[in-house]
Amino acid sequence: MAEAGSGSLTVVGLGPGEAHWLTPAAQAAIDAATDLIGYGPYLDRIPERDGQTKHASDNRVEIDRAGHALRLAAEGRNVAVVSGGDPGVFAMAAAVFEALEAGDPAWLSLPITVEPGITAMLASAARAGAPLGGDFCAISLSDNLKPWEVVTARLEAVLKADFVICLYNPISKARPWQLRAALELATRHREAQTPVIFARAVGRPDENLRILTLAEALEAAASADMATLVTIGASSTKLIPRPGEAAPWVYTPRSVTKSPSATSQGRT
Ligand code: SAH
């Protein structure tokens, strides 16, 4: 059994894109690392420096990557595992703890830190106005790690409860139909005029924010991609029009006067 040396492991959130959306604590963890581990495109965001080794990997081998990181830390390296957005939101932090739980007991004495980052739903909400002003939730539409029936059961529950819903991993080449299916489900519980935000590549040069109605979003589902965060408004989510070409503000009031049964559940 390996003895844990003086190494450390930090799981770092890079934020959604722009360097100025990286926290100083996350930057300090990156600077202090001897080894950086992560999906290639995330590592590419970090400038090369002497004395620091990058270990790029594929996006679908999180557990191997986490085990590799823990092994390097146990050998005495100062390892930073990088994730886009926040590392705890559908990302590497959970993979690290999964590998820790199943791995060498000596890893339990390693100093492990999680440095938060701005997650996609917060970046997207900030651009749109304040859509998360009332109760909200986040669901990953990926059925790589859970059955699709679980996704639809959870969607149904939060649609009935009238939450604002943020959909991560809405669509990919391997999962082309799930977003449209989720939006179809939403039309059974929410008005066709309900605001839906398609926020793509927020904080990156190709950022694009579209404010649609639920009916329009259903037709536009195929235009979303892996870099898109979809937010479905609650029954109280509203638009404030702006003059000229500017997209309307989207906001959800903090106060709720109607019960869910008077809003979404009534629709069939
Ligand atoms: N840990 C990440 C999420 C990983 S899941 C975070 O906290 O943001 C990957 C999904 O996140 C993507 O499919 C997309 O839905 C969303 N996402 C990540 N970065 C984004 C960005 N810059 N703009 C919009 N959505 C983004």
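Quick note: residue numbers are just sequence positions, from 1. All of these numbers come straight from a predicted model, not from anything done at the bench. Just follow the structure's listing: the first ligand is 1, and inside any ligand the first atom is 1.
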* **Polar side chain donor-acceptor pair, Tyr168 to Thr119, under 3.5 angstrom** => yes
* Judged by non-hydrogen atoms, does Ser124 sit under 4.0 Å from ligand 1? -> no
* Asked: Looking only at heavy atoms, what is the nearest atom pair of Ala217 and Leu183, with distance?
  -> O-CD1, 3.5 Å
* **Distance from atom 22 (N) of ligand 1 to nearest protein heavy atom, with residue and atom** => Val202 O, 2.9 Å
* Numbering the atoms of ligand 1 from 1, which are under 4.0 Å from a heavy atom of Phe90? -> 4 (C), 5 (S)
* **Glu207, portion touching ligand 1 at heavy-atom distance under 4.0 Å** => neither
* Structure fact -> Note: Ala201, heavy atoms under 4.0 Å from ligand 1, region reported as backbone
* Closest protein heavy atom to atom 24 (C) of ligand 1, given as residue, atom name and distance to 0.1 Å -> Ala227 O, 3.1 Å
* For atom 26 (C) of ligand 1, which protein heavy atom lies nearest, and how many Å away is it? -> Ala120 CB, 3.4 Å
* Is Gln193 atom CD crowded by more than 12 heavy atoms from other residues, nucleotides or ligands, each under 6.0 Å away? -> no
* To do: Mark up the atoms of ligand 1 that fall under 4.0 Å of a heavy atom belonging to Thr119, in ascending order.
  => 6 (C), 7 (O), 8 (O)
* **Residue pair Ser57 / Arg65, side-chain donor-acceptor N/O under 3.5 Å** => yes
* Which heavy atom of the protein is the closest neighbour of atom 3 (C) of ligand 1, given with residue, atom name and distance? -> Val89 O, 3.5 Å
* Would you check if the side chain of Arg180 reaches a backbone N or O of Ala222 as a donor-acceptor pair within less than 3.5 Å? => no
* Hey, is ligand 1 close enough to Asn169 that some N/O pair sits below 3.5 Å? -> yes
* Asked: Does Val196 share a hydrophobic cluster with Leu185, counting links as ILVMFWY side-chain heavy atoms below 4.5 Å and allowing steps through other members?
  -> yes
* Provide the number and element of each atom of ligand 1 under 4.0 Å from a heavy atom of Arg204. => 19 (N), 20 (C), 21 (C), 22 (N)
* Asked: What do we get for Ala123 next to ligand 1 when only non-hydrogen atoms under 4.0 Å count, side chain, backbone, both or neither?
  -> neither
* Asked: Between Ser8 and Arg77, is any side-chain donor less than 3.5 angstrom from a side-chain acceptor?
  -> no
* Are Thr237 and Thr252 close enough that a side-chain donor and a side-chain acceptor fall under 3.5 Å? -> yes
* Does Gly17 reach ligand 1, in the sense of a heavy atom lying below 4.0 Å from it? -> no
* Asked: Could an N or O of ligand 1 be found under 3.5 Å from any N or O of Gly84, whether backbone or side chain?
  -> yes
* Structure fact -> The closest protein heavy-atom partner of atom 11 (O) of ligand 1 is Tyr168 CD2, 3.3 Å
* Asked: Hey, is Ala91 touching ligand 1 through its side chain, its backbone, both or neither, going by heavy atoms under 4.0 Å?
  -> side chain
* Atom indices of ligand 1, in the order listed, that fall short of 4.0 Å to a heavy atom of Met226 -> 12 (C), 13 (O), 14 (C)
* For residues Ser172 and Met226, report the shortest heavy-atom separation together with the two atoms involved. => CB-CG, 3.7 Å
* **Contact with ligand 1 for Gly203, non-hydrogen, under 4.0 angstrom** => no
* Go through the side-chain N and O atoms of Asn78 and Thr34 and say whether any donor and acceptor fall under 3.5 Å apart. => no
* Under 4.0 Å from any heavy atom of Pro170, which atoms of ligand 1 are there? -> 13 (O), 15 (O)
* Asked: What atoms of ligand 1 come within less than 4.0 Å of a heavy atom belonging to Thr228?
  -> 14 (C), 15 (O), 25 (N)
* Asked: Between Lys54 (side chain) and Ile37 (backbone), is there a donor-acceptor pair under 3.5 Å?
  -> no
* Side-chain donor/acceptor of Ser140 to backbone N/O of Ser142, under 3.5 Å -> yes
* Under 4.0 angstrom from ligand 1, any heavy atom of Ser83? -> no
* Does the side chain of Gln178 pick up a donor-acceptor pair with the side chain of Asp143 at under 3.5 Å? -> yes
* To do: Before signing off on this row, confirm whether Leu167 and ligand 1 have an N or O atom pair separated by under 3.5 Å.
  => no
